[in-house]
Amino acid sequence: MVTRRRFITGTGSLLAVTALPLRSATATPVAAGSHVPALIIGSGYGGSVTALRLAQAGVDVHLVEMGMAWDTPGSDGKIFANTTKPDHRSFWLRTRTKQPLSNFLGFPLDKDVPRYTGILDAEEFGGITVYQGRGVGGGSLVNGGMAVTPRRENFGAVLPSVNVDEMYDVYYPRANAGLGVTHVDPAWWESAACYQYARVGRKHAQRSGFPFVFVPNVYDWEYMKQEAAGAVPTSALEGEVIYGNNHGKKTLQKTYLARAAATGRLTVSPLHRVTSVSPAAGGGYTVVVEQLDTGGNTTAVKTVTADRVFFAAGSVGTGKLLTRLKATGALPHLNNEIGKGWGDNGNVMCGRANHMWDATGKLQSAMPTAGIDNWDAGGAFAEVAPLPTGIETYASFYLSITKNPHRAEFTWNAAAGRVELDWQTAWKQPSIDAAKTIFDRINAKEGTIYRTDLFGSHRIWGDHLTYHPLGGAVLGKATDNYGRLHGHPGLYVVDGSLIPGNTSVNPFVTITALAERNIEEIIATDL
Ligand code: FAE
């Protein structure tokens, strides 16, 4: 039985969030030659929290986002493409899809698509593909909405210099409220056809003696109930997730960014990419911004002066930008911690083949609700993930977050003119070992086997990728204890690059809570 006690706690007060249109804010991109008080690079969690709190403090905020606004339907009447039918909207500047689940029943799933500034970036480094959201709202546009507060006793290993009481008493509750985090109704969940896959996941976890925990989400559960009842257009129940969700998910567009826009102090520039930040002669910083078309071509280059610049381009975006700006002398006083401490949050995926009597359901909600917590004993927290193919697969699918000790570093390759990341594929072995502490036992108990057809042929582990890049400008190392970059006053890091490689659970609530904590201090002290 599901009990309230079993839910992961710490979500704090839950505010209803109203969806407001962002269009008014997106219509006026930043003008070339302008002088602005605050420029934010990137509109994910860190950027959106920073935008709201600065705007509320009376600061005019310019948010520069390289991806699209995602506020206009395509020719099919929908803003976002379906998970099972990726099209030009689905991938960032690729001519062929690179789907995280690349194969099914031995058949490769990838296909050619027109090159377009689509929503999901599969950014390839030597040893790992890093998936990231692109557009106004960043990762909130593509993620599974799992809004997990780490267990308090694990927090010290995540950010040792941060006051734990403050985080759990003030900033996690504030983040959960701002994001609109809620729990699924357990009674509905018990009988909903779209969560049969999760109930099978629970049965197998519990029969092997693992703690099964419900996790909160930012999806509008009332909307999902209506989807299941056939009363509204389907979205999560249509499998919509990694290429965007057309209805029920409370993305940052509907939460933090809508509230920031409502202050009247927010300017958003979609399809604008920051390429340089350097000290300006008269104080502040010179920011170079490229305007892009939907083919990814630069149509204009703008130079803007900003009194303060907030790096919120995500772990990879911020890590790469700062590494290049330091190495090329644009920001010469950054310290030697820049680019370091990068990790993949221990992500590894796998599937299990169930018996015919353990059907997982052809209707699967794309929003996960639960996980298997073997963090203490085996170093793994496994999300029971959907496999929304529209057919019965008899498969259970999992994304594990594991205690992986490896950390990579961004470095500037001057000859090639690019930033590289030295992560090695073999570094996933500790993650596989940790995930096996759960799934070997479940397979032994159930008399089942791993699927070998999801990531290629005869391959069990999805160990080539991460959804959760973290680190690259770590709090208390590259920055002070509140994200101020050492060496250049007025420059701040506010995103997932502050977190040194792992959060023990899905990361966006922690990124949001940390941004809430840091911006409060910065507004009080620096402005
Ligand atoms: P992020 O949200 O990545 O935002 C950075 C933004 O900066 C992006 O919009 C970029 O386009 C933009 N940008 C980058 N470079 C530039 C530049 N030079 N100029 C202008 N703009 C730029 O950063 N996490 C969870 O907690 N729960 C989940 O269920 C979950 N599921 C996920 C599923 C998928 C498929 C993926 C890809 C991620 C998932 N995540 C999940 C991870 C989560 O979305 C991610 O940790 C956060 O989005 C990171 O937040 P940041 O603010 O660091």
Side-chain angles (χ1 to χ4, degrees), residues 39-50 63-68 70 83 92 99-101 117 119-123 129-150 175 179 181 215-219 241-245 249 251-252 256 268-277 287-292 310-322 324-325 344-345 347 349 366-369 371 383 385 399 401 465-473 493-499 503 505-512 514-515:
L39 187 142
I40 303 175
I41 310 170
S43 61
Y45 292 91
S48 299
V49 170
T50 305
L63 190 54
V64 177
E65 167 55 53
M66 71 193 242
M68 303 203 333
W70 300 111
T83 308
W92 177 257
Q99 304 193 54
L101 232 85
T117 47
I119 198 162
L120 186 64
D121 194 352
E123 191 169 355
T129 301
V130 184
Y131 285 89
Q132 298 151 88
R134 293 279 174 253
V136 176
S140 79
L141 297 166
V142 299
N143 67 35
M146 286 181 82
V148 194
T149 299
L179 294 166
V181 175
V215 295
N217 200 292
V218 295
Y219 205 81
V241 54
I242 60 172
Y243 308 133
N245 181 282
K249 191 165 73 175
T251 64
L252 290 165
Y256 275 95
V268 183
S269 305
L271 286 174
H272 280 61
R273 175 168 57 198
V274 171
T275 57
S276 181
V277 178
V287 183
V288 181
V289 187
E290 291 176 349
Q291 186 165 357
L292 306 177
F310 296 83
F311 288 82
S315 161
V316 173
T318 295
K320 281 195 324 188
L321 199 51
L322 289 175
R324 180 165 56 78
L325 296 177
D344 67 342
N345 208 23
N347 279 193
M349 293 178 177
M367 295 294 131
T369 47
E383 160 188 336
L399 167 62
I401 294 161
L465 82 174
T466 185
Y467 283 178
H468 299 166
L470 293 166
V493 176
V494 297
D495 59 15
S497 50
L498 291 170
I499 298 171
T503 53
V505 291
N506 316 57
F508 76 62
V509 176
T510 297
I511 295 170
T512 305
L514 188 66

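Just so it is clear, the structure is predicted and the values come from calculations on it, not from any experiment. We count residues from 1, following the sequence as given. Atoms within each ligand, like the ligands themselves, are counted from 1 in listed order.
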*Contact atoms of ligand 1, heavy-atom distance to V64 under 4.0 Å*: 20 (C), 21 (N)
_Contact partition for E383 relative to ligand 1, non-hydrogen atoms under 4.0 Å_ = neither
*Per-atom contacts, ligand 1 versus I242 - under 4.0 Å to a heavy atom*: 35 (C)
*Non-hydrogen atoms of G144 and P368 that approach each other most closely*: O-CD, 3.4 Å
*Given that the side chain starts at C-beta and the backbone is N, CA, C, O, which of these parts of A312 lies under 4.0 Å from ligand 1, counting heavy atoms, or is it both or neither?*
backbone
*Which ligand 1 atoms are under 4.0 Å away from a heavy-atom of Y131?*
37 (C)
*Out of Y243, F311, F508, indicate the one that has the non-hydrogen atom closest to atom 25 (C) of ligand 1.*
F508
*side chain to side chain donor-acceptor pair (under 3.5 Å) partner of Y45, chosen from N143, T512, T50*: N143
_Options G46, A313, P507, ranked by nearest heavy atom to atom 14 (C) of ligand 1, top entry_ = A313
*Go through ligand 1 atom by atom and flag the ones less than 4.0 Å from a non-hydrogen atom of G135.*
9 (O)
*Sub-3.5 Å donor-acceptor pair from the side chain of S140 to the main-chain atoms of L252, do we have one?*
yes
*List every atom of ligand 1 that sits less than 4.0 Å from any heavy atom of H272, numbering the atoms from 1 in the order shown and giving each element.*
20 (C)
*Atoms of ligand 1 less than 4.0 Å from G314 heavy atoms?*
5 (C), 23 (O), 53 (O)
*Could you tell me whether N506 approaches ligand 1 through its side chain, its backbone, both or neither, with non-hydrogen atoms closer than 4.0 Å?*
both
*Could you pull out the closest heavy-atom pair between P270 and V268, with the gap in Å?*
CD-O, 3.4 Å
*I41/V277 under side chain to side chain contact (heavy atoms under 4.5 Å, CB included): CA gap, chis, key distance, verdict*: CA-CA 10 Å; I41 310 170; V277 178; 4.0 Å; yes
_Students should be able to answer this: which protein heavy-atom is nearest to atom 11 (O) of ligand 1, and at what distance?_
E65 OE2, 2.7 Å
*Among protein heavy atoms, which lies nearest atom 2 (O) of ligand 1, and at what distance?*
G139 N, 2.8 Å
*Which atoms from ligand 1 have a heavy atom of G144 less than 4.0 Å away?*
28 (C), 29 (O), 30 (C), 31 (N), 32 (C), 33 (C)
*Do you know which two heavy atoms are closest between V493 and L498, and how far apart they sit?*
O-CD1, 3.3 Å
*Closest protein heavy atom to atom 18 (N) of ligand 1, given as residue, atom name and distance to 0.1 Å*: V274 O, 3.0 Å
*Would you call G145 a ligand 1 contact, heavy-atom distance under 4.0 Å?*
yes
*Nearest neighbour in protein (non-hydrogen) for atom 53 (O) of ligand 1*: G496 N, 2.8 Å
*Side chain, backbone, both or neither: the part of I511 lying under 4.0 Å from ligand 1 by heavy atom*: side chain
*asked:* Counting non-hydrogen protein atoms only, what is the nearest one to atom 16 (C) of ligand 1? Give residue, atom name and distance.
replied: M66 SD, 3.3 Å
*Which residue owns the protein heavy atom closest to atom 39 (C) of ligand 1, what's the atom, and how far is it?*
N143 CB, 3.3 Å
